[in-house]
There are 2 protein chains.
Amino acid sequence: MVRKTKEDAELTRKRIINSARAVFLARGVSRSTLEHIAAHAEVTRGAVYWHFENKTEIFHAIRDQVFLPLIDRMDDSLTLASDVDPLTQIENSLCVTIDDLNNNIEMRQTYEIMMIKCEYVDEFSLVLQQILNNCSSITGKIKLAYERAEQQNLLSSKLTPLALALDTHLFFSGLLHMWVKDADGTMFRHQAKDLIKSHINLRRKQ
Amino acid sequence: MVRKTKEDAELTRKRIINSARAVFLARGVSRSTLEHIAAHAEVTRGAVYWHFENKTEIFHAIRDQVFLPLIDRMDDSLTLASDVDPLTQIENSLCVTIDDLNNNIEMRQTYEIMMIKCEYVDEFSLVLQQILNNCSSITGKIKLAYERAEQQNLLSSKLTPLALALDTHLFFSGLLHMWVKDADGTMFRHQAKDLIKSHINLRRKQ
DNA sequence: ATATATACATACATTCTTGTTTGTATATAA
DNA sequence: TTATATACAAACAAGAATGTATGTATATAT
């Protein structure tokens, strides 16, 4: 029972990726073997080696599946014209990400893998650079929103839009890390949106 | 040349720990073998197995060496009576941690290992719980400082001390993560203290 | 209809890594 | 002074994990 149709093969590929995500999450990337992944996908390592060169390539496939679309959406929600004020726009874009984490299992698992089930050495260390690049990109978008807020006289503080954006970005970065670590949800997950609201309210005039 | 004196043995133990830190940093915890660590310490695995049961125990030794004293100091700088105002006290305690990271190589390397060179699965997953516990402890201390600031009418906002403390903690958590990832220092390390100042200034009246 | 490339499964060889066991020189206790 | 425990080194055994090589049934192209 071999030589499937192209659609079958593509399905196998996706099953391998999904299995790898589950295995990475349960055992960590390093301790996950291609045999584990293959077994979970109900194929042999032969199939895995056919579709991927090695474990690293599977890792990147998982990452790209979640993060490539994510960046675009983050961009959109901060850049697109909107009827709400810029501060609410920032608040919403952060909340949307939290919603995504809550609703999208693949995204939640991928975040967890990237944050606490992966060691950034050797082939993985270049991912760190990508993360830093995304950060400055996102910070830039937030800064633009704060500049609009400043023009509309919505800000309470004398901080520059850049300083506000960096502070917001660091806040959200910390929130995401804690969100992931707080698996039972009692400490951060249940109040994540409230924390975002407070963070933005701190900037609002009055 | 065996059977050293007790002082020699303790020295060997410390050399193993220091070597493990270096090896963990370079190769990640998972890819570091006891042979790597032993070779770096210029001993054999026999010595490693004499002093430690396995790699996990070395990991915890490294962690304890840095984090046990750290918690106390963080406590002190926030709780002890001081002549500066509470907001400056918070600011200083955060800056001190940044100074520590800059000056204390062991601490810097340990942070880097814990944050991006370790997978929190199996035996390591209970560390996550410890981290969360530390977080709520630190947040509690910051909250107390904000309460004093509120009593002294130093705060600009209508946020509760708890909300302010959580926001500060998440900000600092994000800053530490970015500080570690920003290895060349161009993005966060060089302006870490300014970011802290801005964060606190946002809370100051006027 | 036949040839070929595809999509795997199976088998093999090699390298790591670990844990344990054994050996041993020497501080140290008695 | 002798016995014993200490602080390792060295050797051993076993299992994992990886990559590759080989086999093969069947879509698909010609």
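The figures that follow rest on heavy atoms only: side chains count, while hydrogens, waters and symmetry mates do not. All figures in this text were calculated on a predicted structure; none of them were measured in a lab. In the text below, chain A, chain B and the rest are named by the order of the sequence lines, each starting its count at 1.
A salt bridge does not link A:R203 to A:E150: none of the charged nitrogens lies less than 4.0 Å from a carboxylate oxygen. Between B:R31 and A:D122 there is a salt bridge, since a side-chain N of the basic residue sits under 4.0 Å from a carboxylate O of the acidic one.
With sequence neighbours left out, B:R148 forms a salt bridge (charged side-chain N to carboxylate O under 4.0 Å, His left out) with no residue at all.
Shown for residues 11-40 of chain B: residues whose heavy atoms fall under 4.0 angstrom of DNA chain C, namely B:T33, B:L34. Heavy-atom distances under 4.0 Å link DNA chain C to A:V43, A:T44, A:R45, A:G46, A:A47, A:W50, A:H51 of residues 41-65 of chain A, given in residue order.
As rounded to whole Å, 16 Å separates atom C1' of D:dC8 from atom NZ of B:K6.
The stretch residues 7-65 of chain A participates, sequence neighbours left out, in these ring pair (Phe, Tyr, Trp, His ring centres under 6.0 Å) pairs: A:F59-A:F124.
Secondary-structure annotation of DNA chain D gives the stems C:1-30 with D:1-30, with a stem taken as at least 3 successive Watson-Crick or G-U pairs whose two distances both fall under 3.5 Å.
No more than 12 heavy atoms of other residues, nucleotides or ligands shown are found within 6.0 angstrom of CD1 on A:I105.
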Item to check | Test log, rule salt bridge (Lys or Arg N to Asp or Glu O under 4.0 Å), inputs B:D99 and B:K193 | outcome: CA-CA 9 Å; B:D99 281 334; B:K193 288 188 172 186; 2.7 Å; yes
Item to check | side chain to side chain donor-acceptor pair (under 3.5 Å) evaluation trace for B:S198 with B:N201 | outcome: CA-CA 5 Å; B:S198 294; B:N201 273 339; 5.7 Å; no
Checklist entry - Do A:F67 and A:Y111 pass the ring pair (Phe, Tyr, Trp, His ring centres under 6.0 Å) test, and can you show the C-alpha distance, the side-chain angles, and the key distance before you say yes or no? => result CA-CA 9 Å; A:F67 280 80; A:Y111 259 86; 5.2 Å; yes
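How far CG of B:D184 is from CG of A:L132: 7.5 Å, rounded to the nearest 0.5 Å.
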Show me the donor-acceptor pairs within less than 3.5 Å that the side chains of residues 8-15 of chain A make with the rest of the protein, sequence neighbours left out.
{"residue": "A:T12", "atom": "OG1", "partner": "A:D8", "partner atom": "O", "Å": "3.1"}
{"residue": "A:R15", "atom": "NE", "partner": "A:A41", "partner atom": "O", "Å": "3.4"}
{"residue": "A:R15", "atom": "NH2", "partner": "A:A41", "partner atom": "O", "Å": "2.6"}

